[in-house]
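Working notes, structure below.
What you see below is based on every heavy atom in this structure, not just the backbone, and it leaves out hydrogens, waters and symmetry mates. Proteins get letters first, then strands, A, B, ... in listed order; numbering begins at 1 in each. Please read these numbers as outputs of a predicted model, since none were measured by experiment.
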There are 2 protein chains.
Amino acid sequence: MTDTKKPYHHGDLREKLLNAATHLIADGGVDNLSIRKLADKVGASRTAPYHHFKDKNALLCAIAEQGFIQQDQLIKSISVQQETLSAHALFESYVLTYIRFANENSETYDLMYGRDIWKTGTPTESLQAISKRCFKRWLDWVAVLQEQGLFDSEQPTLRIAQSSWAALHGLCRLFNDGVYINQDDVDEIAKTTIEMLVKKPLSPTNTP
Amino acid sequence: MTDTKKPYHHGDLREKLLNAATHLIADGGVDNLSIRKLADKVGASRTAPYHHFKDKNALLCAIAEQGFIQQDQLIKSISVQQETLSAHALFESYVLTYIRFANENSETYDLMYGRDIWKTGTPTESLQAISKRCFKRWLDWVAVLQEQGLFDSEQPTLRIAQSSWAALHGLCRLFNDGVYINQDDVDEIAKTTIEMLVKKPLSPTNTP
DNA sequence: TAATCAATTTTGACACTGTCAAGATTGATT
DNA sequence: AATCAATCTTGACAGTGTCAAAATTGATTA
């Protein structure tokens with residue numbers, strides 16, 4: 001009886017489901033998540049989850065949504081350093097953080113940007129909203145980076161934002177999907193990507 | 001009887017299965033492919049496919065393998081123009097062809113590089129072989145492009161090959177997975193990506 | 001306090017899925 | 001003509017998502 005008393009029958013079933021589901025996919029992938037197994041894990045019957053999530057798809061959307069929130073906070077914690085770091089260093093920090101998040105939460109990342117939801121399934125309204133918000137934030141920052149000379153100012157901001165994010169995303173996918181297997185190389189490849197993305201700086205980086 | 005007579009019971013069942021499977025995933029995605037539906041489509045019983053493919057996974061690998069062959073031929077047809085085109089133009093042609101292939105065969109592309117096989121499943125020996133061969137070809141070409149000054153010669157060829165391909169791949173994925181939806185933009189974004197990947201040329205592109 | 005209500009949960013059911021074991025068919029080989 | 005091995009089918013089992021209807025129960029009203 002260490003638990004708080006449940007207000008209704010199960011109480012915070014939705015929360016519990018979301019939690020258990022995230023853990024289930026964390027080890028074993030999305031394929032390891034079945035509604036029945038999930039229900040069993042939280043001690044409910046097979047169809048109990050359907051009163052908190054319309055669909056299995058809706059459940060996946062909710063997990064993805066959590067991922068966006070989590071990722072967003074991580075990124076916010078970077079932009080705090082805005083004052084102390086140069087634009088280039090800040091960008092590098094962003095990229096590495098982004099990749100690290102994708103690696104450490106690979107299954108959630110797969111849901112956030114994968115076809116399971118966006119192509120095969122139907123993204124929830126709220127999921128669409130938060131993902132748009134996140135891209136908008138990226139877009140705005142790219143505009144700033146253009147002004148700061150890190151990106152080409154000639155090209156439209158949208159195009160730069162799209163293609164540079166795609167580069168980042170592609171890297172994450174190759175590692176997440178097991179195409180690139182050497183996790184050790186991730187940092188090196190990431191740095192090469194950064195050099196590719198960024199306009200050649202006037203001062204050459206001197207590696208002794 | 002225009003068909004060749006079947007040597008055994010069903011004759012070229014393997015071929016027929018592979019064909020039907022490719023069509024099934026082409027409209028409806030991988031989720032639309034079930035062994036039973038497939039068997040039904042070619043007029044065989046549920047378990048007949050298991051005498052030609054060890055697994056569902058093995059079947060998917062075979063489809064992916066076909067994809068690599070197809071993609072390889074497409075790319076070969078480009079390198080024929082090697083003499084008539086500049087390095088930059090050749091590279092652009094490659095990128096656009098790559099993306100077009102990924103778009104027109106999105107479900108096959110998903111199998112070729114997606115987690116269904118490489119992470120969740122187990123890639124066949126022969127699939128691993130052909131995919132390695134394809135990347136090797138890319139790697140070799142990147143080395144040439146480095147010599148031709150299109151890529152930075154300072155960085156290791158492997159790193160450039162990895163990160164540039166990741167950029168390409170990421171773009172394809174975003175379109176394939178329905179994250180980027182405006183198919184019309186694909187060419188524009190692709191060109192921005194190319195500009196990003198390639199070392200800034202000495203002669204500026206003059207857009208009047 | 002007793003009766004009613006609406007939110008929650010469960011049970012039953014259906015049509016699917018991948019795949020294994022065992023038997024049936026059949027072209028080729030002896 | 002008899003045997004064999006490859007090929008194919010039937011039966012079966014444990015899963016899956018999800019709908020419809022029944023059961024439970026805290027809160028609300030009379």
Side-chain angles (χ1 to χ4, degrees), chain A residues 3-21 24-25 27-64 107 111 115-117 119-124, chain B residues 1 3-21 24-25 28-64 107 111 115-117 119-124:
Chain A
D3 340 26
T4 63
K5 247 204 175 162
K6 43 193 175 181
Y8 271 124
H9 312 197
H10 259 114
D12 46 357
L13 224 197
R14 200 195 127 102
E15 192 72 14
K16 276 203 255 180
L17 286 171
L18 217 52
N19 226 351
L24 269 177
I25 67 164
D27 54 65
V30 190
D31 293 342
N32 193 37
L33 171 63
S34 83
I35 299 285
R36 299 167 105 107
K37 215 189 297 179
L38 172 65
D40 203 52
K41 196 155 198 178
V42 302
S45 74
R46 297 123 248 169
T47 61
Y50 285 88
H51 294 263
H52 299 271
F53 304 97
K54 174 183 160 285
D55 250 346
K56 186 180 187 181
N57 179 67
L59 171 63
L60 297 182
C61 285
I63 298 175
E107 304 296 336
L111 282 178
R115 79 167 24 196
D116 268 6
I117 286 177
K119 182 110 176 203
T120 304
T122 321
T124 304
Chain B
M1 19 177 117
D3 342 25
T4 63
K5 249 206 174 160
K6 44 191 176 180
Y8 273 122
H9 312 194
H10 258 115
D12 46 358
L13 223 198
R14 201 195 126 99
E15 191 73 15
K16 276 203 255 179
L17 286 170
L18 218 51
N19 224 356
L24 269 177
I25 68 164
V30 190
D31 293 342
N32 193 38
L33 171 62
S34 83
I35 299 285
R36 298 167 105 105
K37 214 190 296 179
L38 172 64
D40 203 51
K41 195 156 199 178
V42 303
S45 75
R46 297 123 249 170
T47 61
Y50 285 88
H51 293 264
H52 299 270
F53 303 98
K54 173 183 161 286
D55 251 345
K56 186 179 187 181
N57 178 68
L59 171 63
L60 297 182
C61 285
I63 299 174
E107 305 296 337
L111 282 179
R115 79 166 24 196
D116 268 6
I117 286 178
K119 184 112 175 200
T120 304
T122 320
T124 303

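Take B/T122 and apply the side chain to side chain contact (heavy atoms under 4.5 Å, CB included) test, not counting sequence neighbours, and it matches B/N57. By the side chain to side chain contact (heavy atoms under 4.5 Å, CB included) test, B/A58 is found to be paired with B/F53, B/K54, B/D55, residues two or more places apart in sequence or in another chain being considered. Remark: B/R115 pairs with A/E107, A/D110, A/D177 by the salt bridge (Lys or Arg N to Asp or Glu O under 4.0 Å) rule, at least two apart or across chains.
Listed nucleotides C/dT10, D/dT16, C/dG18 differ in distance to A/K37; the shortest reach to its side chain belongs to D/dT16. In this structure, the nucleotide among C/dT11, D/dT10, D/dG17 sitting nearest to the side chain of B/S45 is D/dT10. When distances are taken from the side chain of B/L13 to each of C/dT10, D/dC8, C/dT9, the shortest belongs to D/dC8. Minimum atom distance to the side chain of A/R46 is reached by C/dT11, of the listed C/dG18, C/dA13, C/dT11.
Heavy atoms only, all atoms of each residue included: A/C61 and A/P123 are closest at SG-CA, 3.9 Å. The heavy-atom pair separating B/L111 from B/I117 by the smallest distance is O-CD1, 3.6 Å. Annotation for A/T120 and A/D116: closest pair CB-O, 3.6 Å, computed over non-hydrogen atoms.
The distance from atom CG of A/D31 to atom P of D/dG17 is 11 Å, rounded to the nearest whole Å. Whole-Å rounding puts the B/L59 CG to C/dG18 C1' distance at 12 Å. In this structure, A/D40 places its CG atom 11 Å from P of C/dT10, rounding to the nearest Å. For A/K54 and D/dT18, the NZ to P distance is 8 Å, given to the nearest whole Å. With rounding to whole Å, A/K56 atom NZ is found 18 Å from C/dC16 atom P. Atom P of nucleotide D/dT18 and atom CG of A/N57 are separated by 9 Å, given to the nearest angstrom. As rounded to whole Å, 11 Å separates atom C1' of C/dG12 from atom CZ of A/R36. When rounded to the nearest whole Å, the span between CG of B/L38 and P of C/dT17 equals 11 Å.
OP1 or OP2 of C/dT9 lies within a sub-4.0 Å distance of a side-chain N or O belonging to A/H52.
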Write down the protein N/O and nucleotide N/O pairs, taken from nucleotides 20-22 of chain D, whose separation is under 3.5 Å; answer none if there are no such pairs.
none

Taking only distance into account, with no hydrogens and no angle test, what donor-acceptor pairs under 3.5 Å do side-chain atoms of residues 29-38 of chain A form with protein atoms, sequence neighbours excluded?
from  : atom 1 : to    : atom 2 : distance (Å)
A/N32 : OD1    : A/K37 : NZ     : 2.9
A/N32 : ND2    : A/L24 : O      : 3.3
A/N32 : ND2    : A/D27 : O      : 3.1
A/S34 : OG     : A/K37 : N      : 3.0
A/K37 : NZ     : A/N32 : O      : 3.1

